[in-house]
*Asks:* 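Dumping the structure here so I can ask a few things about it.
As a basis for the values below, the full set of heavy atoms in this structure was taken, side chains included, without hydrogen atoms, waters or symmetry mates. A note on names: the letters A, B, ... follow the listed sequences, proteins ahead of strands, and every chain is numbered from 1.
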Amino acid sequence: MSLPAPRKKRRIHFDDDEGPKRSHSISSSPSTPLQKQREQLPIAKERDALIREIRENDVTILLGETGSGKTTQVPQYLLEAGLAGKGMIAVTQPRRVAATSLAARVAAERGVKLGSLVGYSVRFDEICGADTKIKYVSDGMLVRELLSDPLLSRYSVIVLDEAHERTLRTDFLIANLKSIQVKRKQATDVKGKGKCTSSAVNPLKIIVMSATLDAEKFSRFYHNARILYVKGRQHPVKIFYTAVNQTDYVDSALRTFFQIHLDQPPGDVLIFLPGQEDIESLEKSIKMHAKRLPVLVSLMYASLPPSQQARIFSATPPQTRKCILATNIAETSITIPGIKYVIDTGKSKEKRYLSKDTGGGFDTLLTRDITKASAMQRAGRAGREGPGFCFRLYTEEAFNNLAAASEPEIRRCSLTQSVLELKCLGQDLETVEFMDPPDINSVVAALKTLWILGALDDSKTLTPLGRQMASFPVEPYLARIILASSTHECTSEVIDIVSMISSSSKLFLDISDQRDAIASARSKFRHPSGDHLTILNTLRAYQEMAETENKSSRKEWCKQHFLNERTFTEALKIRDQLRVTCGRVGLDWRASKKDSEDPVLRSFTVGLVQQSALLQPDGSYKQLMGRSVVKIHPGSTLADKKVPAIIFDELVYTNQIYARGVSSVPRSYFNGATPAIPNGS
DNA sequence: TGGGGATTT
């Protein structure tokens with residue numbers, strides 16, 4: 001290791017600052033009755049004013065600091081005030097785990113069984129009944145509901161929580177709810193005059209809840225809707241900045257950690273870093289310098305094996321300080337108890353989709369400065385259980401120059417799926433009023449992709465094929481592959497692979513210093529054509545093993561092969577869902593050409609025609625549709641192989657443009673794969 | 001030779 005031991009004279013100097021303070025709710029003592037706890041929440045004082053405002057206005061913006069209790073209390077206030085009427089109250093959340101745990105909490109507060117008065121609905125998991133009035137839902141779930149019920153008529157109030165996160169799906173809902181509210185108002189007016197007796201369409205109330213100062217923007221979008229503020233309940237977090245800019249944030253983090261470790265009272269430390277590589281490097285440095293002063297180092301990032309993730313929750317032994325090195329997974333998704341000190345490098349990795357008019361576009365993954373909102377969120381992690389400290393490895397001036405909030409996803413993501421969903425609702429992304437309009441190039445790229453996939457015709461009209469594609473809960477290109485498998489009679493195999501690809505957890509675990517062992521453990525699954533059929537082999541091996549083995553041996557088998565069992569369990573749920581959808585659109589999911597790989601690869605080529613490249617005379621791969629030279633990702637079974645043509649699941653630009661999820665196909669498969677393939681170029 | 005984080009009738 002090249003990092004020198006931290007020495008006194010090279011201490012990093014932090015300026016003391018009385019500025020931004022932020023922290024989180026005090027967890028209530030378990031002996032207090034739930035009703036008492038409810039009354040003590042900061043929002044309880046505002047109850048009557050809140051109900052009055054919401055009753056009088058169609059849209060309300062609620063700016064509530066963390067710990068105010070808005071997410072659990074507002075729906076109950078609405079219910080108690082009779083504002084739900086005959087309909088339901090929906091509360092959207094960007095993350096499924098939030099939706100399920102909030103529902104459980106609110107059910108407990110009301111003393112009812114989960115799934116009766118209070119329920120939740122997320123993918124694969126719904127606990128609701130005929131008497132459910134408050135329903136916590138993932139934002140994606142409500143988008144899907146919109147496709148079958150364009151007026152969302154079951155709901156009388158829709159609460160969009162965590163709106164400041166600006167997920168693609170929340171923005172999609174914000175835009176649609178605005179026009180739904182108008183339509184439902186018109187329907188109610190007409191009904192009131194006795195001209196309509198059919199449906200029971202009731203007016204819709206919208207409540208947008210946000211934790212940052214974006215409230216004005218939400219208000220402007222909804223005709224200057226009233227903004228209500230609710231204070232949070234927080235422990236103070238003292239913020240420190242560096243006196244000068246740091247050039248090496250990993251080295252700065254190391255020095256700062258030891259300054260805390262040597263000089264400061266007990267308390268665990270959480271260090272925010274951009275990615276796995278920095279985390280592993282800092283882990284080595286800390287361990288090397290911590291010989292005499294015990295430190296328990298644990299790591300936290302999404303692709304870390306679950307068994308190692310669990311370590312961050314273990315109790316810290318006496319006389320030891322726990323130090324957690326994490327990506328921004330610890331910013332919102334995971335709460336770690338016992339943190340008193342936060343070290344913030346001010347960096348994170350950000351994925352951004354670059355649409356190219358020449359091809360399918362690609363994702364970039366670059367280390368960037370965080371936003372002010374993110375910096376405040378990180379600092380808040382030090383004050384959950386008591387007063388805390390946050391050391392920012394940048395100057396106060398640098399903080400002041402950070403962007404207030406990150407760009408909404410609608411300006412960073414591929415819009416292919418959203419355009420298809422809007423087409424199903426009879427709308428166009430070009431004309432729908434969004435809070436932040438998408439980049440026109442992204443819209444054009446999405447339209448082009450959908451046209452190439454056959455979802456839209458030459459006049460941008462939704463085709464029957466496109467409607468079928470939209471009914472599958474996977475990305476349009478994967479839906480196209482499933483539909484193509486019907487022609488090639490291999491839907492069974494294709495659905496197996498598509499389920500694995502669309503699982504959110506990575507199948508192949510990676511531990512940097514065990515790469516050789518990993519490669520040999522997995523070699524038996526390897527298929528010569530590449531990653532798609534290798535995934536199929538792996539799934540088949542898992543299922544064969546799972547038929548006879550119990551839970552702990554299954555876990556052991558996955559560990560031996562460095563595979564993530566969560567990927568299999570999630571994929572099997574997705575597969576069930578896809579099989580049901582196949583039945584609904586008239587596909588036979590049992591169709592199989594046993595052990596014949598050609599039909600499978602032919603089906604994939606239909607959906608991946610935009611994600612393909614041809615071998616050039618100089619040995620490089622160049623996009624079939626597009627001008628970029630791409631390299632096969634080192635993690636692929638085809639890395640370093642030269643084959644005439646490849647198809648791939650995605651392109652990621654880091655240092656080079658890498659193709660991931662790669663298979664080799666004959667060039668002839670591209671002939672007539674879709675009507676859109678340019679001749680001979 | 002390399003992987004921020006969510007999510008889908």
*Asks:* For A:Asn328 and for A:Phe472, locate the closest nucleotide of DNA chain B by heavy-atom distance; then report the residue assigned to the nucleotide nearer the 5' terminus.
*Replies:*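 Nearest-nucleotide comparison on DNA chain B picks A:Asn328.
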
*Asks:* What's the separation between atom CE in A:Met376 and atom SG in A:Cys390, rounded to the nearest 0.5 Å?
*Replies:*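 Answer for the CE-SG pair, A:Met376 versus A:Cys390, is 11.5 Å.
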
*Asks:* Nearest-Å distance, OH (A:Tyr653) to P (B:dG4)?
*Replies:*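 From A:Tyr653 OH to B:dG4 P: 16 Å.
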
*Asks:* Going by atom types only, do A:Glu145 and A:Tyr155 share a side-chain donor-acceptor pair under 3.5 Å?
*Replies:*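 Looking only at side-chain atoms, A:Tyr155 and A:Glu145 do form a donor-acceptor pair, the distance falling under 3.5 Å.
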
*Asks:* Of the nucleotides B:dT9, B:dG4, B:dT8, which one has an atom closest to the side chain of A:Arg96?
*Replies:*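 That would be B:dT8.
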
*Asks:* Please confirm whether the ring centroid of A:Phe218 lies under 6.0 Å from the ring centroid of A:His164.
*Replies:*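 Not under 6.0 Å, so no.
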
*Asks:* Determine the contact category for A:Lys506: base if any of its heavy atoms lies under 4.0 Å from a base atom, sugar-phosphate if only primed atoms, P, OP1 or OP2 are that close, otherwise nothing.
*Replies:*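 Base: the residue A:Lys506, judged by heavy atoms under 4.0 Å, touches a nucleobase.
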
*Asks:* For the side chain of A:Gln417, counting heavy atoms from C-beta on, which of B:dG2, B:dG4, B:dT8 is nearest?
*Replies:*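 Between B:dG2, B:dG4, B:dT8, the one nearest the side chain of A:Gln417 would be B:dT8.
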
*Asks:* Over how many whole Å does the gap from A:Leu366 atom CG to B:dG4 atom C1' extend?
*Replies:*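 Going from A:Leu366 (CG) to B:dG4 (C1'), I get 11 Å.
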
*Asks:* Is it true that A:Asp436 and A:Arg166 make a salt bridge, defined as a side-chain N closer than 4.0 Å to a carboxylate O?
*Replies:*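 The answer is yes: the pair qualifies as a salt bridge.
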
*Asks:* Out of B:dG2, B:dG4, B:dT9, which nucleotide sits closest to the side chain of A:Arg144?
*Replies:*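 Given the options B:dG2, B:dG4, B:dT9, the side chain of A:Arg144 is closest to B:dT9.
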
*Asks:* Determine: side-chain N/O of A:Thr654 to OP1/OP2 of B:dG2, distance under 4.0 Å, yes or no.
*Replies:*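 Checking B:dG2 against A:Thr654, no side-chain N or O comes under 4.0 Å of OP1 or OP2.
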
*Asks:* Write down the distance between NZ (A:Lys349) and C1' (B:dG2), rounded to a whole number of angstrom.
*Replies:*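 Those two atoms, NZ and C1', are 9 Å apart.
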
*Asks:* Just N and O in the side chain of A:Ser138: are any of them under 4.0 Å from OP1 or OP2 of B:dT8?
*Replies:*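 So the side-chain polar atoms of A:Ser138 do come within 4.0 Å of the phosphate oxygens OP1 or OP2 of B:dT8, strictly under.
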
*Asks:* Nearest to the side chain of A:Tyr301, heavy atoms from C-beta on, is which of B:dT1, B:dG5, B:dT8?
*Replies:*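 Looking only at heavy atoms from C-beta outward on A:Tyr301, the closest nucleotide is B:dG5.
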
*Asks:* When we call it a touch if two heavy atoms are under 4.0 Å apart, what does A:Glu165 touch: a base, just sugar-phosphate, or nothing?
*Replies:*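 Contact class for A:Glu165: none.
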
*Asks:* Closest to the A:Ser504 side chain: B:dT7, B:dT9, B:dA6?
*Replies:*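 For the A:Ser504 side chain, the nearest candidate turns out to be B:dT7.
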
*Asks:* Can you tell me how far P of B:dG4 sits from CE of A:Met300, to the nearest Å?
*Replies:*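 Answer to the nearest Å: 13 Å.
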
*Asks:* Across the strands shown, which category fits A:Leu147 at heavy-atom distances under 4.0 angstrom: base, sugar-phosphate, nothing?
*Replies:*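 It contacts nothing in the nucleic acid.
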
*Asks:* Could you check which of B:dT9, B:dG5, B:dT7 has an atom nearest any side-chain atom of A:Thr327?
*Replies:*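 Minimum distance to the A:Thr327 side chain belongs to B:dG5.
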
*Asks:* Tell me the interatomic distance from A:Asp278, atom CG, to B:dG4, atom P, rounded to whole angstroms.
*Replies:*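 Result: 9 Å.
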
*Asks:* Could you tell me the separation between the CZ atom of A:Arg368 and the P atom of B:dG5, rounded to a whole number of Å?
*Replies:*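 Those two atoms, CZ and P, are 17 Å apart.
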
*Asks:* Do A:Ser663 and A:His532 have a side chain donor and acceptor closer than 3.5 Å?
*Replies:*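 A:Ser663 vs A:His532: donor-acceptor pair found between side chains.
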
*Asks:* Measure from the side chain of A:His633, starting at C-beta and using heavy atoms only, and say which of B:dT9, B:dG2, B:dA6 lies closest.
*Replies:*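 Selected nucleotide (nearest to the side chain): B:dG2.
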
*Asks:* Do A:Asp125 and A:Thr100 have side-chain N/O donor and acceptor atoms under 3.5 Å apart?
*Replies:*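 No - no donor-acceptor pair under 3.5 Å links their side chains.
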
*Asks:* Could you say whether A:Glu145 or A:Arg95 is positioned toward the 5' end of DNA chain B, judged by the nucleotide with the nearest heavy atom to each?
*Replies:*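 With A:Glu145 and A:Arg95 compared, the 5'-side residue is A:Arg95.
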
*Asks:* Considering only B:dG2, B:dT9, B:dG4, which nucleotide approaches the side chain of A:Tyr658 most closely?
*Replies:*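 Of the options given, the side chain of A:Tyr658 lies nearest B:dG2.
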
*Asks:* What is the nucleic acid contact for A:Ala639, judged by heavy atoms within less than 4.0 Å: base, sugar-phosphate only, or nothing?
*Replies:*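 Counting heavy atoms under 4.0 Å across all strands, no contact is made by A:Ala639.
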
*Asks:* Below 4.0 angstrom from OP1 or OP2 of B:dG2, is there any side-chain N or O of A:Arg660?
*Replies:*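 It does not, given that no N or O in the side chain of A:Arg660 lies less than 4.0 Å from OP1 or OP2 of B:dG2.
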
*Asks:* What is the distance from CD of A:Glu421 to C1' of B:dT7, rounded to the nearest Å?
*Replies:*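 My rounded result for the distance is 11 Å.
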
*Asks:* Output the rounded distance in Å from CD (A:Glu331) to C1' (B:dA6).
*Replies:*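 My rounded result for the distance is 13 Å.
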
*Asks:* Please tell me if A:Arg584 has a side-chain N or O lying less than 4.0 Å from either OP1 or OP2 of B:dT9.
*Replies:*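 No, outside the criterion.
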
